[in-house]
Amino acid sequence: MSDATELAPAAASDGAVRKPHLYLVDGSAYIFRAYHRLPPLTNPQGTPVGAVYGYTTMLWKLAQDLDDADGPTHLAVILDKASQSFRHDLYADYKANRPPPPEDLVPQFPLIREATRAFSLPCIEEDMLEADDLIASYARAATRRGWDVTIVSSDKDLMQLVGRCADPDDGVEGGCIDMLDTMKNARIEIAEVVEKFGVPPEKLGDVLALMGDSVDNVPGVRGIGPKTAEKLINEYGDLESVLAAAPEMKKSKMRENLIEHTEMARLSRRLVQLKEDCPLPMPLDEFALDGIPKEPLANFLSTHGFTSLLKRLGAGSPSRPTDLNPAKPANAAAEAASGTRQPLPEWPAVDLDAYECVTTLDRLDAWIARAFAAHAVAIDTETSSLDSMQAELAGISLALGPNDACYIPLAHGSDDMFAEKPQQVPKAEALARLKPLLESDAVLKIGQNVKYDLTVLQRCGIEVAPVDDTMILSFDLDAGRGGGGIGQAHGMDSLSQTHLGHTTLTFKDICGTGKKQILFSAVPLDKATRYAAEDADVTWRLHRVLRQRLADEGVTRIYENVDRPLIPVIAMMERNGIKVDREHLARLSGEFAEQIASLEAEVHEMAGESFAIGSPKQLGDILFDKMGLKGGRKGKSGQFSTDQTVLEKLAGEGVPMANKVLEWRGLSKLRSTYTEALQQAINPGTGRVHTSYSLVGAQTGRLSSTDPNLQNIPIRTETGRQIREAFVAEPGNVLLAADYSQIELRLAAHMADVPPLKEAFADGEDIHARTAREMYGEVTRDTRAQAKTINFAILYGISRWGLAGRLGTDAEEAQAVIDRYFERFPGIQKYIVHTLERVRETGYSETLFGRKTHFRNINSKNPNERAGAERAAINAPIQGTSADIIKRAMVRMMPALHDAGLGHARMLLQVHDELVFELPEGDVAAASPVIERVMADAALPSVELSVPLGIEIGTGHSWGAAH
DNA sequence: CTGGTCACG
DNA sequence: GACGTACGTGACCAGG
């Protein structure tokens, strides 16, 4: 058994022999369901494997249950083999109107057997017998022996068997039969059958005979459906009694039908009767489970590109959850599609005339039906604003393939009451029809920055899921590689250019810019269609290109486990927003304005003239030319620098004006950026401030926040802190702020393996004091401050000049400090050297969770560029790992709070190492430990850190008070 | 549209 | 040997 996993044999861990429990898997029925519920996937050879993937994860799940008390001791898969069975002899039209299986399902049938063999499980199929009959016969045989049986299926015919025990005549205590629906993870027992059909399992056959079954073409009695059948059987006892009583019933259509179709009912009864005495092709005992050998399974998983299952297999027992989101159907797309290595198909060039403008409900329905069939659709919403919390929907575009795209205008022409409104599908009706598509688990929705569309559509009552995002795919693959490295690197226009060689229409081309800019809803439909449908088309193509690279480049882990599940979480936080006290801000603004005015007057008087203090140019001229002060430094623009350090130096030399200017600057900054701008940012609809987070804003994987930026609200000075008081909770609620304490230093201690630092964190010591003790032998105010500076210097990629500047010494002395640090903590130096080697070699750095950041200048000939890239490369794994950890915490947070019965808590903000919540005052005590646990354990189970993650929690009516 | 400055982690 | 004198962001203002 050296080759086998520890999957349990038929003995419980305490050594007692368990009562045998046979699982019979209805394989054929399963793949049909899997096919319709999962997105279309292909393996590396280009064979469709979506249903096979679903089937494989189902077997995997069953294997995980081996140790459970009611898990399998014996297991077999039963398949339909023959197209003919004895039922066709009874009724020639049996299953006659069943359509042929979909084209891309056919090649998957043989793979089901392959998958079953890969798990080393027996697979049973017989000519002239349907899977149902084999299952019934095996179930019967097993219960006779006193075994319990679970039928893995949700087929209603099989529900006739539920609960049935062996004949007491056999002299054995019979076993029981239940069913398991693995997709819904639901057990079906007698109560569930009664709930569904209104009769116990032994009468189900009679009900099924009356109602018939359109799928199998069992005729039943015309006009009788499940409800009538249930009523009749419950009233008369069984089918024959119903038929016998028919002539006595009061005159009705039903009575006539019963009389006319009596024979059809009897025939149907025989068709739905399960054959329980089939010869058993393989004896029951051979179904015994004896561990699942790894090797054939691994071969199978790798052949078909099921990489995450493969990894879990490699990690040991498949019965242990290894990470977030284990095997969700939505992630199957990632799984198999990413394993695809086939060359991209030759696509036709983008053809703007190929797109359809959808203006009728019939055409809309046709597109929706095709999207369901395709299991994946690129979507794009057109609106009136970049602010997704205020945007009004103008239309939606869909794409199903290259040049196979449409635009559905919904509100064009509505802004101009004099213009003639073009014909459009009524908005409410169109949204009602799109809703099932956009919310269907079985259809992947692809977007470029799909978080935006999520919010716009959520405000229309549609919860879009599951989603994939080409912008985030691009970021996870190529962070740091992008052209100029500016924000647009992962924008659609540049992605289209790089990956498709296609120049897209820009929004400016369509709507103009500046004062002449018009709303998208004012654009004529033909023009709007070309632009909007092109976006969806390009998004669809980009998805193909980027998805394909994911597994090859080892980026699946960070995308699937961290960034992708974060999309709906961030969308929710943005929608939540945070309440801001406008009066508080207005009052501060007024106070600041007065002080600014008086400072301005003083400065002008000192200068002897009136000038713009906010102009560095004018200020520089006044200070250094007119007043002739020394210490002026000129930058490359030839201008005097007037930044804080310069002014502080002047102030120290006794220039009173410098202090006044500094004060003026501080207050102006606070007033313009915060007290004034924040009032403007309050959403009139919600009365709250809704920032917008970018998941691709920072090369390291951090989030960034804009419109407004809520990640740089003042806290360091007392005046600034007053602004935080304006962020408040609703009445009866409080804000709760939870911070990771020193997370980057902790990560550095772990990643560079520095025992004394790890020890200090484990013991809850003051980390800077410990550093001082290690370096200087004693802890004084001075040495601690120096240690703190150098600790941060390490995180930022150290240079002797930089450190010298901070310590106020020269470079030589700074170098000595660095040397001392490396001597005491050799792990740090090794980490830096090793990290740089790797980055020079590969071009990118990696976080503990596999996030890559590329450094184009790491081998640059320009020493400044190179040194800059090196510092960034040392910092990125640490800053990035910290970002990964808090993102993982965010993904898990709401489910954890919900499970703890804290559904009223809302997550509002993220500030890199801090999460801000709003919750009822009474929930604080219960929520705090949940939040702390989720944050502290966020690295697990992917990464086991050798330092604890410390969390600090504060609460208060305002954000300021919560710190 | 760019550079300088300064708010945050 | 000297340097743009630390990493990552975003907003505002002045000036061209």
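E725(A) and R721(A) are not joined by a salt bridge, as no carboxylate oxygen comes within less than 4.0 angstrom of a charged side-chain nitrogen. By the 4.0 Å N-to-carboxylate-O rule, E841(A) lies too far from R838(A) to be salt-bridged with it. At a threshold of 4.0 Å, the pair K626(A)-E609(A) counts as salt-bridged, since one of the basic side-chain nitrogens sits closer than that to a carboxylate oxygen. One finds a salt bridge joining R851(A) and D563(A) here, because a Lys/Arg side-chain nitrogen approaches an Asp/Glu carboxylate oxygen to under 4.0 Å. Taking 4.0 Å as the cut-off between side-chain N and carboxylate O, D753(A) and K758(A) count as a salt-bridged pair.
Nucleotides dA2(C) and dC6(B) have their P atoms positioned 29 Å apart, rounded to a whole Å. Taking the P atom of each, dA6(C) and dC1(B) are spaced 29 Å apart, rounded to whole Å. Separating the C1' atom of dA7(B) from that of dC3(C) is a span of 27 Å, rounded to the nearest Å.
At distances below 3.5 Å, at least one donor-acceptor pair connects side-chain atoms of K451(A) with backbone N or O atoms of Y693(A). Formation of a donor-acceptor pair under 3.5 Å by the S692(A) side chain with backbone atoms of T706(A) is not found in this model. A donor-acceptor pair is defined here as one N or O able to donate and one able to accept, closer than 3.5 Å; no such pair exists between the side chain of R702(A) and the backbone of H912(A).
Considering only side-chain atoms of R716(A), the nucleotide from dA6(C), dC8(B), dG8(C) that sits closest is dC8(B). Side-chain atoms of P714(A) lie closest to dA7(B) of the nucleotides dA7(B), dT5(B), dG9(B).
One interatomic measurement links the two molecules: CD of Q815(A) to P of dA6(C), which rounds to 17 Å at whole-angstrom precision. Spacing between atom CG of L836(A) and atom P of dC7(C) amounts to 13 Å, rounded to whole angstrom units. Rounded to an integer number of Å, the gap from L619(A) CG to dT5(B) P is 9 Å. Here dC7(C) presents its C1' atom at 14 Å from CE of M751(A), a figure rounded to the nearest Å. Going from atom CG of L703(A) over to atom C1' of dC8(B) covers 14 Å, rounded to whole Å. Summarising the geometry, the separation between CG on D884(A) and P on dG8(C) is reported as 16 Å, rounded to the nearest angstrom. In this entry the distance linking CD of E812(A) with P of dG1(C) reads 14 Å, nearest Å. Remark: C1' of dA6(C) and CD1 of I832(A) are 12 Å apart, rounded to the nearest angstrom.
Counting any heavy atom pair closer than 4.0 Å across all strands shown, R702(A) reaches a base atom. As judged by a 4.0 angstrom heavy-atom cut-off over every strand, N864(A) is placed among the base-contacting residues. Using a 4.0 Å heavy-atom cutoff across all strands shown, I715(A) reaches sugar-phosphate atoms only and no base atom. Counting non-hydrogen atoms under 4.0 angstrom, I713(A) reaches the backbone sugars and phosphates but no base. Using a 4.0 Å heavy-atom criterion, one finds that Q644(A) contacts the sugar-phosphate atoms exclusively.
A close approach under 4.0 Å does occur between a side-chain nitrogen or oxygen of R871(A) and OP1 or OP2 of dC7(C). An OP1 or OP2 oxygen of dT5(C) is reached within less than 4.0 angstrom by no side-chain nitrogen or oxygen of R806(A).
Just one residue in the list L745(A), V754(A), L945(A) forms a side chain to side chain contact (heavy atoms under 4.5 Å, CB included) with F761(A), and that residue is L745(A).
Note on ring orientation: taking the six-membered ring where Trp is involved, the planes of F727(A) and W959(A) are perpendicular (angle over 60°, cut-offs 30° and 60°). Ring orientation note: the planes of F611(A) and H604(A) are tilted relative to one another, at an angle of 30° to 60°.
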Checklist outcome for this item: B/S/- along nucleotides 9-16 of chain C (protein heavy atoms under 4.0 Å) is SBBSSSSS
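Of all heavy-atom pairs between D478(A) and R481(A), the closest is OD1-NH1, 2.6 Å.
For DNA chain C, the neighbouring residues in residues 797-805 of chain A, judged by any heavy atom under 4.0 Å, are W801(A), G805(A).
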Next on the checklist: Applying side-chain contact (heavy atoms from CB on, under 4.5 Å) to L909(A) and F917(A), what does each step give before you reach the verdict?
Outcome noted: CA-CA 7 Å; L909(A) 303 178; F917(A) 300 82; over 6 Å; no
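Where pairing requires Watson-Crick or G-U contacts shorter than 3.5 Å, the helical stems of DNA chain C with at least three consecutive pairs are B:1-9 with C:7-15.
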